[in-house]
Amino acid sequence: MNAIYILWLRQLKRFIRKKASIVGAIGQPIIFLLAFGFGLSPVFAKAGAGNYIQFLAPGIIVMTVLFTSIFTGLEIIWDKQFGFLKETFVAPVPRYQILLGKVLGGATVAMAQGFLVFIITLFAGFRPVNWLSLPLAFLYIFLVAFLSSALGASIAARLEDMQGFPLIFNFVVQPLFYLSGAIFPLQNLPAALNFVTKINPFSYGVDGLRFAFSGVNIFSPFLSIAVLMGVSLIIIGFGVYQFKKVQL
Amino acid sequence: MIEVKNVVKKFGDFTAVDNISFKVNKGEIFAFLGPNGAGKTTSIKMLTTLLKPTSGEVFLNGHNVTENPDETRKSFGIVFQDPSLDNELTAYENMQFHAILYGVKKEVYKKRIVDLLKMVELYDRKDSFVKTFSGGMKRRLEIARGLLHHPTVLFLDEPTIGLDPQTRNHIWTYINELNKKEGVTIFFTTHHMEEVERIAKRVAIIDHGKILIDGTIEEIIKKAGKESLEDAFISLTGSTIRDEKANIGKNQMRINSKLMR
Ligand SMILES: Nc1ncnc2c1ncn2[C@@H]1O[C@H](COP(=O)(O)OP(=O)(O)O)[C@@H](O)[C@H]1O
Ligand SMILES: [Mg+2]
């Protein structure tokens, strides 16, 4: 337990000390919010779909959390290259605890970033319909953060260097985001796209968060929680397996 | 305490460790002496669960290292040859991270961290970030950290590389005391004769992944029919100069090339 705590604390300290990357990580969400949010608002309204900022904000928060988490997960590759992973891996700590410490650390950092972006969306005109459901919103944000941190760490476990990063980012992370209903509604889609978005666990994160903030949803909120938790468990299982096979 | 049976490690078709067998008894100080690229680090990594042997068996403190890595990890401490500190944390934080990871109690680690940092003369820099340290300072910190949880076996992979004679002296004195007072078994690698002569009880000379000879220093000198350990070493391993680079791990090379870019 203490091992999980100290691994979590280390991630947090590293995050707080890197001020530049805190600011850097909210750059992209802000651009999305401005460009898409204000750019597509008129089209969205004309289509009778309502206020686009209201629709987009949960998606942007999920984006922040997803990208930050994956990136913190991939920091394991740095630990490998700078030798620190050896220090962690020879310690008498079961692999699942090392993974959990890292994943919880990454998830906490991502939630902090997500919260910052949430504040920014408020300035852009976003309004949660019911402030009382904010805790529920944080639950969804946490589940998304946990899932994506676990994904990042599991992928990173077997990578030797950062060269694979663009590949993963462009072919795994970006599609997960774009096909999650973050920027367009998941209704009336072509069959293939419909199928892909339904098997994307992040669709459930976005939808759940939208439900918590605005009371709008296409999936049952419980289904969303179940999907996020279930997929997280599978990925953690896969990550532990990967961690056990690491040779340094 | 340590038992290695017919261990082989291949990287692709290159054999880094070629069928070695040896035993280290409890409470002993054992030295692995060999030129660069001999296979010392690879052997240590197999002993400490970081690498899986291609074939053969390793036992440590009664545990089969490959089959039971979690139990094995409780019994040893290690000082790596390559850097293994978190540069974004302070010296104290690196020590504390280690202590908590190894389950050392707070009352114990608070005092021990102070003692160890004083020993390696880093106490006044305990709150500085490791990234501001020189190579020698980082090395000293790593050694202090390796001693923090008082393991039953301590592995030291070329521990005193790049250190000045005073610090070397301190460190060997401390290690010697740890062995005498607490009975910690010490396994270290080096290519310095004088370190071996100073503290090792038994020695194995390794080259090209093979153990050429092992025994006490006297036995080795006798078997080789030479005057000193150094003569024995040179006659066994030949006098060709080894490329320093062969010794630098893959990772270290990558870091270096990154820093140079
Ligand atoms: N991961 C690896 N992949 C390929 N070759 C390796 C790897 N690690 C070590 N080697 C090679 O194995 C040999 C032994 O290396 P090492 O055990 O580091 O030697 P030493 O520690 O005695 O200097 C060297 O020739 C080295 O280049
Ligand atoms: Mg070596």
Side-chain angles (χ1 to χ4, degrees), chain A residues 1-22 72 75-102 105 109 157-165 240-241 243-248, chain B residues 9 11 41 44-53 69-90 93-94 96-106 129-131 138 142 145-146 149 151 155 157 249-259:
Chain A
M1 270 312 138
N2 284 340
I4 296 179
Y5 163 74
I6 196 70
L7 282 156
W8 171 83
L9 190 66
R10 168 177 178 252
Q11 293 267 296
L12 229 63
K13 282 181 175 167
R14 287 173 68 94
F15 168 69
I16 291 164
R17 285 168 192 173
K18 281 187 291 180
K19 306 253 172 352
S21 69
I22 299 178
T72 348
E75 269 190 357
I76 291 178
I77 298 173
W78 287 120
D79 282 355
K80 225 183 242 184
Q81 293 196 324
F82 285 93
F84 192 74
L85 203 63
K86 285 195 298 250
E87 153 77 357
T88 319
F89 269 39
V90 289
V93 178
R95 292 293 181 258
Y96 81 89
Q97 288 193 15
I98 297 182
L99 182 63
L100 276 184
K102 295 232 165 229
V109 165
R158 301 297 290 284
L159 291 180
E160 284 296 320
D161 51 45
M162 279 286 183
Q163 274 170 21
F165 182 69
V240 171
Y241 170 75
F243 265 39
K244 284 192 172 157
K245 289 179 79 170
V246 169
Q247 309 249 314
L248 291 167
Chain B
K9 181 69 194 181
F11 295 109
T41 300
I44 280 208
K45 283 185 173 173
M46 287 190 285
L47 284 166
T48 55
T49 74
L50 286 177
L51 272 180
K52 279 210 173 76
D70 283 338
E71 281 303 310
T72 310
R73 289 185 190 110
K74 288 188 186 141
S75 354
F76 68 83
I78 178 167
V79 175
F80 300 101
Q81 181 180 351
D82 294 336
S84 61
L85 296 164
D86 186 342
N87 287 316
E88 305 292 329
L89 297 182
T90 66
E93 285 170 341
N94 267 286
Q96 193 184 25
F97 180 89
H98 184 94
I100 294 176
L101 222 49
Y102 280 81
V104 183
K105 295 227 160 45
K106 194 167 184 173
F129 287 113
V130 169
K131 61 184 167 200
K138 287 184 186 172
E142 281 175 329
R145 186 180 67 179
H149 64 284
F155 292 94
D157 197 359
K250 234 175 26 174
N251 287 339
Q252 193 52 39
M253 240 140 70
R254 233 183 271 120
I255 295 169
N256 289 348
S257 66
K258 212 164 262 140
L259 294 177

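Letters A, B, ... mirror the listed sequences (proteins, then strands); counts begin at 1. Computed from a prediction, not measured in an experiment: that's the story for all the values here.
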> Would you call the rings of Trp78(A) and Phe82(A) parallel, tilted or perpendicular if under 30° counts as parallel and over 60° as perpendicular?
Replying inline: tilted
> Does the cation-pi check pass for Arg95(A) over Phe89(A), that is, NZ or CZ under 6.0 Å from the six-membered ring centre and within 45° of its axis?
Replying inline: yes
>> Evaluate Phe243(A) against Tyr96(A) for ring-ring contact (aromatic ring centres under 6.0 Å, His included), listing each step before the verdict.
In response: CA-CA 8 Å; Phe243(A) 265 39; Tyr96(A) 81 89; over 10 Å; no
> Looking at Arg17(A) and Glu88(B), does any basic side-chain N land under 4.0 Å from a carboxylate oxygen?
Replying inline: no
> Could Glu75(A) and Lys18(A) be called an ion pair, given the rule that one side-chain N must be under 4.0 Å from one carboxylate O?
Replying inline: yes
>> Sort by residue number and list every residue of residues 4-12 of chain A having at least one heavy atom under 4.5 Å from chain B.
In response: Ile6(A), Leu7(A), Arg10(A)
> Given the options Leu85(A), Val90(A), Asn2(A), which has more heavy-atom pairs under 4.5 Å with chain B than any of the others?
Replying inline: Val90(A)
Which region of [X], side chain (C-beta onward) or backbone (N, CA, C, O), has a non-hydrogen atom less than 4.5 Å from a non-hydrogen atom of chain A, or is it both or neither?
{"X": "Glu142(B)", "value": "neither"}
{"X": "Phe80(B)", "value": "side chain"}
{"X": "Ile78(B)", "value": "side chain"}

> Looking at residues at least two apart in the chain, or sitting in another chain, which of them share a side chain to side chain contact (heavy atoms under 4.5 Å, CB included) with Gln247(A)?
Replying inline: Lys9(B), Leu51(B), Lys52(B)
>> So, using ring pair (Phe, Tyr, Trp, His ring centres under 6.0 Å) as the criterion, who are the partners of Phe155(B) when residues are at least two apart?
In response: Phe76(B), Phe187(B)
>> Counting heavy-atom pairs closer than 4.5 Å to chain A, which one of Gln96(B), His98(B), His149(B) comes out on top?
In response: His98(B)
>> Holding to side-chain hydrogen bond (donor to acceptor under 3.5 Å, both in side chains), I want the full list of residues that pass it with Lys138(B), two or more places apart in sequence or in another chain.
In response: none
